[in-house]
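In what follows, a structure is listed as structure tokens, so that the remarks can point back to it.
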2 protein chains.
Amino acid sequence: MAVRLADVAKAAGVSQSTASRVLNGSSRRPNPAVAERVRAAADELGYFPNAQAQALARSSAGLTGLIVHDIADPYFSSIARGAQRGLAGSGVQLMLASTEREAEAEVEAVRTFMSYRTDAIMLAGSRGLADDAALQKVLETYQDNGGKVAMIGQPLSNAGGVRIDNDGSAAALAGELLKLGHRRFVIFAGEEQLTTAAQRTAGFISKLRAAGVQPEAVHHGAFSRDGGYFLMSELIRSGAVGGPDAGPLCLFCVSDVMALGALAAVREAGMRVPEDIALAGFDDIPTLADQSPTITTVRLPLEEIGRMTAVMTLHNGDADRWTVVEGTPVLRESTRRD
Amino acid sequence: MAVRLADVAKAAGVSQSTASRVLNGSSRRPNPAVAERVRAAADELGYFPNAQAQALARSSAGLTGLIVHDIADPYFSSIARGAQRGLAGSGVQLMLASTEREAEAEVEAVRTFMSYRTDAIMLAGSRGLADDAALQKVLETYQDNGGKVAMIGQPLSNAGGVRIDNDGSAAALAGELLKLGHRRFVIFAGEEQLTTAAQRTAGFISKLRAAGVQPEAVHHGAFSRDGGYFLMSELIRSGAVGGPDAGPLCLFCVSDVMALGALAAVREAGMRVPEDIALAGFDDIPTLADQSPTITTVRLPLEEIGRMTAVMTLHNGDADRWTVVEGTPVLRESTRRD
DNA sequence: TCTACCCTGGAAAGCGCATTCCGGCATTAT
DNA sequence: ATAATGCCGGAATGCGCTTTCCAGGGTAGA
């Protein structure tokens with residue numbers, strides 16, 4: 001069906017080995033005159049290599065897998081974009097799996113990537129500790145077979161990757177909010193078993209405590225827009241928001257998407273941010289700065305994180321190196337106090 | 001290194017052919033007792049097939065390529081999510097290429113996917129007519145080699161896919177805005193050579209004309225958040241917004257991301273939507289409904305579009321079938337008139 | 001009971017390419 | 001001038017799997 005290397009070789013009047021050496025990088029560089037003939041023939045016939053066959057012969061596929069929870073979530077799509085950019089020009093292609101936050105699907109995705117003999121797997125997003133066992137096992141198998149594993153956000157197994165200093169960054173945010181004069185805090189902590197969520201919550205609280213402040217409540221719920229919306233609706237219904245006594249409440253959501261959901265619920269109830277309740281998120285997803293009011297958050301260089309991780313997977317030496325990324329508190333209108 | 005089919009066969013005391021027939025679907029089903037032995041051995045050894053080798057032997061890779069302009073753009077990431085879902089469970093894997101809106105990169109991505117012998121390629125986003133030649137040529141080569149091409153948004157070549165009724169949907173939106181009483185219109189039309197942008201602009205204008213209304217201006221600029229921001233800044237500086245005479249202006253942006261940029265510029269200038277200027281977008285990206293004010297737009301079922309397209313690529317018969325998707329005008333606060 | 005046929009498992013031939021090995025030639029060193 | 005050293009192109013092997021093709025045993029029909 002398609003043009004094969006053998007066809008090119010025949011057309012150029014050389015052996016297949018020579019054609020291979022000319023067209024696809026080899027340590028041996030054939031004679032320029034011969035090379036030119038081969039290239040001309042390849043052009044003429046419209047030859048393009050069969051990556052599957054190359055992968056089989058080289059036992060390396062030129063593929064890298066990226067596993068995310070939800071590609072439509074701006075947090076992950078920003079990372080994906082960075083990863084794509086990091087790989088650009090290296091000749092390595094990206095395979096994508098979006099797991100819809102199911103642990104089962106995550107393990108399945110790793111299996112699939114193993115089948116395709118991806119050179120590396122990038123895993124973005126935090127996992128609950130409960131799911132680690134199965135995932136860890138399959139990743140170890142992968143590593144035993146020579147695969148590189150790069151985690152984004154969470155350390156796991158004996159892999160490398162980018163660790164986000166959730167703890168310290170959340171603490172820094174808490175510090176800034178205290179400086180602004182906030183004293184009454186509520187936290188929307190996401191799902192209980194998510195490590196990332198837990199770390200952000202813990203870091204935030206520990207900083208408050210260090211300043212002698214106790215959070216008024218910690219609510220758990222889905223780590224998503226709808227989770228934030230729901231929790232906020234509940235909170236408003238409970239009458240905890242807008243109380244005139246003891247100063248305004250400050251809500252810390254452990255992710256921006258939760259904060260957006262919460263904001264929607266606040267608006268819907270006819271209340272205002274920051275007048276009735278102050279609001280802070282975490283991640284600094286791109287759409288956040290265009291909200292009204294603009295929302296305070298912790299900036300994570302998401303795209304850069306994706307890029308760095310991808311680049312790490314390209315260099316063999318970095319297989320189990322960790323890079324720590326710190327978040328930067330960004331104070332915006334949503335936590336203003338007049 | 002890894003466990004091979006031959007190892008499993010030996011462990012089970014059968015031939016490799018039999019092992020293959022048992023483990024990977026074949027038309028011939030070996031004896032149940034034998035099959036069980038093979039499966040047990042495979043489990044025992046932790047065998048998983050080498051997809052590259054399978055692809056080579058079957059001459060079909062079980063891969064589908066998705067090419068988008070920018071995976072971090074919610075428009076495309078929603079489509080990607082749908083595509084992923086559409087493929088889920090079919091055993092077909094998704095390969096992703098994000099081209100950063102460069103025509104060159106798009107052609108390159110098709111080449112890469114050809115190399116990987118993807119069974120199908122989905123192309124999302126509109127292309128300028130100028131780039132069609134190169135792209136069309138490479139896609140034709142792909143089709144000649146048995147590849148399926150599914151376009152999302154724009155027809156091209158003799159492929160199938162999902163066509164979006166930009167023209168009619170924009171006209172419908174214009175009709176609704178006229179009904180609300182708007183008479184002074186400005187259009188941010190995106191890049192001149194983008195077919196999608198041009199169609200939306202044309203549809204909108206033709207409906208206005210039919211009602212005897214002439215748009216006051218059509219401005220071209222980048223089809224992105226920053227493009228909208230820039231155009232709006234210019235517009236405000238020119239003094240065209242907020243004039244008390246002749247009623248409030250209504251701005252139609254040919255994409256939601258442009259509308260978001262425009263909104264940011266309006267806010268920055270201390271003006272208000274819809275009081276000083278009304279605003280409408282196109283696409284209905286997920287974040288739009290959570291804006292304040294909520295933004296009028298044309299709803300496109302983005303995720304469903306991605307899903308449909310992916311499903312089409314799975315069924316051979318649908319290779320050159322077209323599905324037309326209509327957008328639905330959604331009137332929100334940003335175009336309210338009191 | 002014997003022949004014709006079907007079913008099942010195994011041997012072997014690729015799928016398209018990279019790469020090791022080998023032979024022939026032109027250099028350089030002796 | 002001869003032997004030793006590279007260098008370059010070609011033949012051949014193998015990557016891991018699917019899929020014909022083949023042989024043998026079982027079944028059914030005569």
Side-chain angles (χ1 to χ4, degrees), chain A residues 1-39 41-42 45-63 91 112 114-119 145-146, chain B residues 1-39 41-42 45-63 91 112 114-119 145-146:
Chain A
M1 185 172 80
V3 179
R4 288 154 307 158
L5 187 57
D7 303 331
V8 175
K10 194 177 298 173
V14 299
S15 79
Q16 189 173 318
S17 337
T18 303
S20 169
R21 289 195 265 252
V22 171
L23 294 177
N24 315 329
S26 160
S27 50
R28 281 177 53 176
R29 298 227 143 285
N31 184 302
V34 175
E36 198 36 57
R37 275 222 315 283
V38 173
R39 252 185 290 273
L45 297 173
Y47 169 78
F48 54 100
N50 182 324
Q52 317 285 357
Q54 289 186 316
L56 192 55
R58 290 183 173 139
S59 33
S60 149
L63 287 172
T112 304
M114 287 171 78
S115 270
Y116 280 96
R117 298 299 192 267
T118 57
D119 303 325
N145 288 357
Chain B
M1 185 171 81
V3 179
R4 286 154 308 159
L5 186 56
D7 303 330
V8 175
K10 193 176 299 173
V14 299
S15 79
Q16 188 173 320
S17 338
T18 304
S20 170
R21 288 194 265 253
V22 171
L23 295 177
N24 315 330
S26 160
S27 50
R28 282 176 53 177
R29 297 228 142 285
N31 183 303
V34 175
E36 198 35 57
R37 275 223 315 283
V38 172
R39 251 185 289 273
L45 296 174
Y47 168 79
F48 55 100
N50 182 323
Q52 315 287 356
Q54 288 186 316
L56 191 56
R58 290 182 174 141
S59 32
S60 148
L63 287 173
T112 303
M114 288 171 77
S115 270
Y116 280 96
R117 299 300 191 268
T118 55
D119 302 326
N145 288 357

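Labels below follow one simple rule: chain letters A, B, ... track the order of the sequence lines, proteins then strands, and each chain is numbered from 1. As the structure is a prediction and not an experimental result, all values here were calculated from the model.
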For nucleotides 21-27 of chain D, list the nitrogen or oxygen atoms of the protein found under 3.5 Å from its nitrogen or oxygen atoms, one pair per line.
{"from": "D/dC21", "atom 1": "N4", "to": "B/Arg28", "atom 2": "NH1", "distance (Å)": "3.4"}

Counting side-chain heavy atoms from CB outward, which of C/dA11, D/dG9, D/dT19 is closest to A/Val34? D/dG9

Rounding to an integer number of Å, can you tell me how far A/Tyr47 OH sits from C/dC17 C1'? 7 Å

When you measure from the side-chain N and O atoms of A/Thr18 to the phosphate of D/dG10, is any distance below 4.0 Å, counting only OP1 and OP2? yes

The salt bridge (Lys or Arg N to Asp or Glu O under 4.0 Å) partners of A/Arg39 (sequence neighbours excluded) come to A/Glu36

Look at B/Asn50 and D/dC15 and indicate whether a side-chain polar atom (N or O) is within less than 4.0 Å of OP1 or OP2. no

Looking only at C/dA11, C/dT19, D/dC15, the nucleotide nearest the A/Ala57 side chain is D/dC15

Check the distance between C/dC15's P and B/Leu5's CG and give it to me in whole angstrom. 20 Å

Scan side-chain atoms only and decide if A/Thr112 and A/Ser115 contain a donor-acceptor pair under the 3.5 Å cut-off. no

As an exercise, state the distance from OH of B/Tyr116 to CG of A/Leu63, rounded to the nearest 0.5 Å. 4.0 Å

Check whether the side chain of A/Ser17 and the base of C/dA18 form a donor-acceptor pair under 3.5 Å. no

Which nucleotide sits closest to the side chain of B/Ser15: C/dG10, D/dT19, C/dC17? C/dG10

Mind checking if B/Ser59 touches a base, just sugar-phosphate, or nothing, with heavy atoms under 4.0 Å? nothing

Could you walk me through whether B/Ser17 and B/Ser20 pass the side chain to side chain donor-acceptor pair (under 3.5 Å) check? CA-CA 5 Å; B/Ser17 338; B/Ser20 170; over 6 Å; no

Nearest-0.5 Å distance, CD of residue A/Gln52 to CG of residue B/Asn50: 9.5 Å

May I have the distance from A/Gln52 (atom CD) to D/dC17 (atom P), rounded to whole angstrom? 14 Å

Measure from CG on A/Asn31 to P on C/dA26 and round the result to the nearest Å. 13 Å

A/Asp7 with A/Lys10: basic N within carboxylate O range, under 4.0 Å: no

Rounded to whole Å, CG of A/Leu23 lies from C1' of C/dC17 at a distance of 12 Å

Measure from the side-chain heavy atoms of B/Ala53 and tell me the nearest of D/dC17, C/dG10, C/dA18. D/dC17

How long is the line joining CD of A/Glu36 and C1' of D/dG9, in whole Å? 18 Å

My understanding is that only residues two or more places apart in sequence, or in another chain, count here; which of them pass side-chain hydrogen bond (donor to acceptor under 3.5 Å, both in side chains) with A/Asn24? none

Rounded distance in Å - CD (A/Gln54) to P (C/dG16): 13 Å

B/Leu56 CG to D/dG14 P, straight-line distance once rounded to whole Å: 17 Å

Classify the nucleic acid contact of B/Gln16 as base, sugar-phosphate or nothing, counting any heavy atom under 4.0 Å across all strands shown. base

